[in-house]
Amino acid sequence: MRLQWVYERLYGHFGPQHWWPAETPFEVMVGAILTQNTAWTNVEKAIANLRANHTLSARAIAATPQPQLAEWLRPSGYFNVKAERLQSFCRWLLEPGRRQRLEQLATDELRHTLLSVKGVGRETADDMVLYAFARPVFVIDAYTRRLFSRLGLITGEEGYETLRALVEEAFGRSAEQVALFNEFHALIVAHAKDYCRKRPLCRGCPLARRCPSCEG
DNA sequence: AACCAGGAGACAT
DNA sequence: ATGTCTCATGGT
């Protein structure tokens with residue numbers, strides 16, 4: 001089966017996902033850091049705390065004492081680590097001309113630059129590149145690897161860059177694919193939440209019968 | 001009550 | 001290059 005088939009099947013079943021759930025590109029980047037290995041519902045609570053304390057901006061976060069920031073981030077887990085990461089990221093973002101320069105970078109350079117920031121790994125950087133900067137990269141996560149593996153498309157041992165290249169080359173890397181990459185990653189998450197986690201056999205799953213572990 | 005969630009970095013091998 | 005440990009809350 002092809003990745004195009006998987007995408008069409010998921011889209012037909014779940015419909016548009018309207019990702020990323022955030023108001024501004026900056027909020028996308030904040031969410032990308034806070035959701036590292038953490039349920040999104042917990043991230044929402046942390047973001048609500050920031051908003052309630054008028055701290056949902058790079059300047060406010062950069063100016064907040066780290067222990068205070070950590071308290072607001074508590075619901076999202078790893079709050080000490082994330083307070084450090086979020087604050088250093090914001091200070092980096094606030095450097096003169098930084099944001100303007102980022103916008104001018106080619107997609108690969110933008111990705112490489114974001115990766116150079118401590119606390120921003122591959123998935124987080126790609127979340128930002130795709131959902132905050134609207135550039136054509138595909139985000140790989142644990143769900144993607146598990147789903148593709150169950151579908152027999154990969155062995156499961158492939159590294160992050162290998163999987164990213166697999167998807168990007170299957171659809172192409174032109175700017176036209178931004179909307180598709182946006183939707184596809186969100187659909188994989190939606191599928192994982194509705195089927196592969198709660199119901200291992202994927203009863204009613206749009207990918208049933210194509211997924212060896214789903215054929216009960 | 002163990003297990004996992006839209007990972008990343010430090011460190012050892 | 002690749003594996004292991006740590007960071008931590010909240011829902012099932």
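Of the P atoms belonging to B:dA1 and C:dC7, the separation is 23 Å, rounded to the nearest Å. Comparing B:dA8 with C:dG10, their P atoms are spaced 22 Å from each other, to the whole Å.
Between A:Glu158 atom CD and C:dT2 atom P the separation is 12 Å, expressed in whole Å. Rounded to whole Å, the distance from CZ on A:Arg146 to C1' on B:dC4 is 10 Å. A:Glu157 has its CD atom 18 Å from the P atom of C:dA1, to the nearest Å.
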* Asked: For nucleotides 7-13 of chain B, read 5' to 3', which letter fits each nucleotide if B means a protein heavy atom sits under 4.0 Å from the base, S means only the sugar-phosphate is that close, and - means neither?
  -> BBS----
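Applying the salt bridge (Lys or Arg N to Asp or Glu O under 4.0 Å) rule to pairs touching residues 63-76 of chain A yields A:Glu71-A:Arg74, sequence neighbours excluded.
Using a 4.0 Å heavy-atom criterion, one finds that A:Asp127 contacts no nucleic acid atom at all.
Residues from residues 10-19 of chain A placing a heavy atom under 4.0 Å of any atom in DNA chain B, listed by number, are A:Trp19.
Partners of A:Glu168 by salt bridge (charged side-chain N to carboxylate O under 4.0 Å, His left out), not counting sequence neighbours, listed by chain and number: A:Arg164, A:Arg173. Residues meeting the side-chain contact (heavy atoms from CB on, under 4.5 Å) test with A:Asn80, sequence neighbours left out: A:Ala70. In this view, A:Arg91 satisfies the salt bridge (charged side-chain N to carboxylate O under 4.0 Å, His left out) rule with no residue, not counting sequence neighbours. For A:Thr124, the side chain to side chain donor-acceptor pair (under 3.5 Å) test picks out A:Gln36, with sequence neighbours left out. Remark: A:Tyr131 engages A:Trp19, A:Trp20 in a ring pair (Phe, Tyr, Trp, His ring centres under 6.0 Å) (not counting sequence neighbours).
Connectivity analysis of hydrophobic side chains (ILVMFWY, heavy atoms under 4.5 Å, direct or indirect) links A:Tyr78 to A:Val81.
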Shorter than 3.5 Å, N or O on both sides, protein versus nucleotides 10-12 of chain C: list them out with atom names.
residue: C:dG10; atom: O4'; partner: A:Asn42; partner atom: OD1; Å: 3.2
residue: C:dG10; atom: O4'; partner: A:Asn42; partner atom: ND2; Å: 3.1
residue: C:dG10; atom: O3'; partner: A:Lys45; partner atom: NZ; Å: 3.4
residue: C:dG11; atom: OP1; partner: A:Lys45; partner atom: NZ; Å: 2.8

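Between the side chains of A:Gln66 and A:Gln87, a donor-acceptor pair is found at a separation under 3.5 Å.
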For a quick test of your reading: what N or O donor-acceptor pairs under 3.5 Å do the side chains of residues 93-100 of chain A make, sequence neighbours left out?
residue: A:Glu95; atom: OE1; partner: A:Arg98; partner atom: NH2; Å: 2.5
residue: A:Arg98; atom: NE; partner: A:Trp92; partner atom: O; Å: 3.3

Review item, side-chain donor-acceptor pairs of residues 7-14 of chain A, under 3.5 Å, at least two apart:
residue: A:Arg9; atom: NE; partner: A:Pro206; partner atom: O; Å: 2.8
residue: A:His13; atom: NE2; partner: A:Tyr195; partner atom: OH; Å: 2.9

